[in-house]
Amino acid sequence: LEFAEEQLLQGQLRLMRSQITTNMRELAALREEFVALAGKQGLFEQGAGQAARAAEGLRSLTERVRCLEQGAAEATEDSRRGVVGLTDRMSSLEKALAELDSRHFRQIDELRISLRTHSTSFEEIRISHVGLPSRIDQLELSMSASEEHRARELRTFTESHVRRVEALEKLCSGSLERSAQDLQR
């Protein structure tokens, strides 16, 4: 029983470890996406800078500043949305991982308590059954002695009844003979 429960605990620990490893991989993947978005932001800013330099000859300074501000605002908004989305996903994964950890720790504690309870119950049962073989032996001896006593009583009873029946038969046969003799006379 203890071995099976220990194996169950070990299985749950392995499951927890694999879930934690999976969550850690997902966190690493999210970090990689975050880094990739940051790199894209840099590329976008470079592209915006190149576009601005190419347009220098065609636009006035005011127009170029407005285009750059608009490009920078769009790039910043895109980056912010990407960062916010990744941050939200990371925080939700961290919360889920924390909930999973607390749930598994509670389950492990419950299993440990159950194991202690079963171990105590098993020990109590084992202790209560220690004297059973000697008690069974005593009962068998008692029943054997009782059977012998009952057999003797039955033999005595049977013998006394047989004697009574024989006596009654003799009495009846003697009475019949006398009646028959009385009739003949």
Side-chain angles (χ1 to χ4, degrees), residues 1-36 82-185:
L1 181 67
E2 290 178 20
F3 179 73
E5 289 179 359
E6 183 176 337
Q7 282 185 333
L8 177 66
L9 283 173
Q10 290 297 326
Q12 287 185 342
L13 283 174
R14 281 193 295 277
L15 177 64
M16 260 182 36
R17 286 183 185 134
S18 69
Q19 288 175 345
I20 288 171
T21 303
T22 302
N23 287 338
M24 294 303 287
R25 282 190 207 124
E26 289 179 4
L27 279 173
L30 285 174
R31 283 190 182 114
E32 289 175 9
E33 284 182 27
F34 184 78
V35 169
V83 168
V84 167
L86 285 176
T87 305
D88 290 345
R89 285 176 64 190
M90 282 176 53
S91 66
S92 67
L93 279 173
E94 287 171 348
K95 286 178 187 176
L97 182 60
E99 290 172 6
L100 184 66
D101 284 346
S102 67
R103 186 178 69 202
H104 284 295
F105 285 123
R106 273 182 287 169
Q107 288 175 345
I108 288 171
D109 287 340
E110 290 170 1
L111 285 171
R112 284 183 181 145
I113 290 169
S114 175
L115 177 63
R116 279 188 222 114
T117 303
H118 289 307
S119 295
T120 303
S121 298
F122 178 75
E123 186 62 25
E124 289 171 356
I125 289 169
R126 190 187 65 74
I127 289 170
S128 70
H129 285 81
V130 166
L132 275 179
S134 63
R135 288 171 44 198
I136 290 172
D137 290 343
Q138 288 175 349
L139 283 172
E140 287 175 344
L141 286 174
S142 173
M143 288 177 69
S144 174
S146 178
E147 280 180 35
E148 290 173 9
H149 177 71
R150 297 282 181 251
R152 279 192 305 260
E153 283 182 350
L154 185 62
R155 274 192 302 259
T156 306
F157 181 75
T158 305
E159 289 171 0
S160 72
H161 275 64
V162 166
R163 278 185 260 135
R164 283 184 183 170
V165 167
E166 288 172 352
L168 283 174
E169 284 176 345
K170 283 181 187 177
L171 185 67
C172 284
S173 68
S175 175
L176 282 174
E177 284 177 15
R178 269 187 261 145
S179 294
Q181 286 172 1
D182 285 342
L183 284 176
Q184 285 177 358
R185 288 188 217 166

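Rounding to the nearest 0.5 angstrom, the gap separating the OG1 atom in T22 from the CE atom in M24 is 11.0 Å. How far CD of E26 is from OG1 of T21: 11.5 Å, rounded to the nearest 0.5 Å. In this structure, CG on L9 lies 10.5 Å from CZ on R14, to the nearest 0.5 angstrom. The CG atom of L13 lies 9.5 Å from the CD1 atom of I20; values are rounded to the nearest 0.5 Å.
Partners of Q19 by side chain to side chain donor-acceptor pair (under 3.5 Å), not counting sequence neighbours, listed by chain and number: H104. Take Q7 and apply the side chain to side chain contact (heavy atoms under 4.5 Å, CB included) test, not counting sequence neighbours, and it matches F3. Applying the side chain to side chain contact (heavy atoms under 4.5 Å, CB included) rule to V162 yields the partners T158, E166; only residues at least two apart in sequence or on another chain are considered. Listed by chain and residue number, nothing satisfies the side chain to side chain contact (heavy atoms under 4.5 Å, CB included) test with Q138 (two or more places apart in sequence, or in another chain). The salt bridge (charged side-chain N to carboxylate O under 4.0 Å, His left out) check on E153 picks up R150, with sequence neighbours excluded.
Annotation: salt bridge (charged side-chain N to carboxylate O under 4.0 Å, His left out) contacts involving residues 104-114, sequence neighbours excluded, comprise D109-R112. Within the structure, every pair that satisfies the ring pair (Phe, Tyr, Trp, His ring centres under 6.0 Å) test and touches residues 133-157, not counting sequence neighbours, is listed here: F157-H161.
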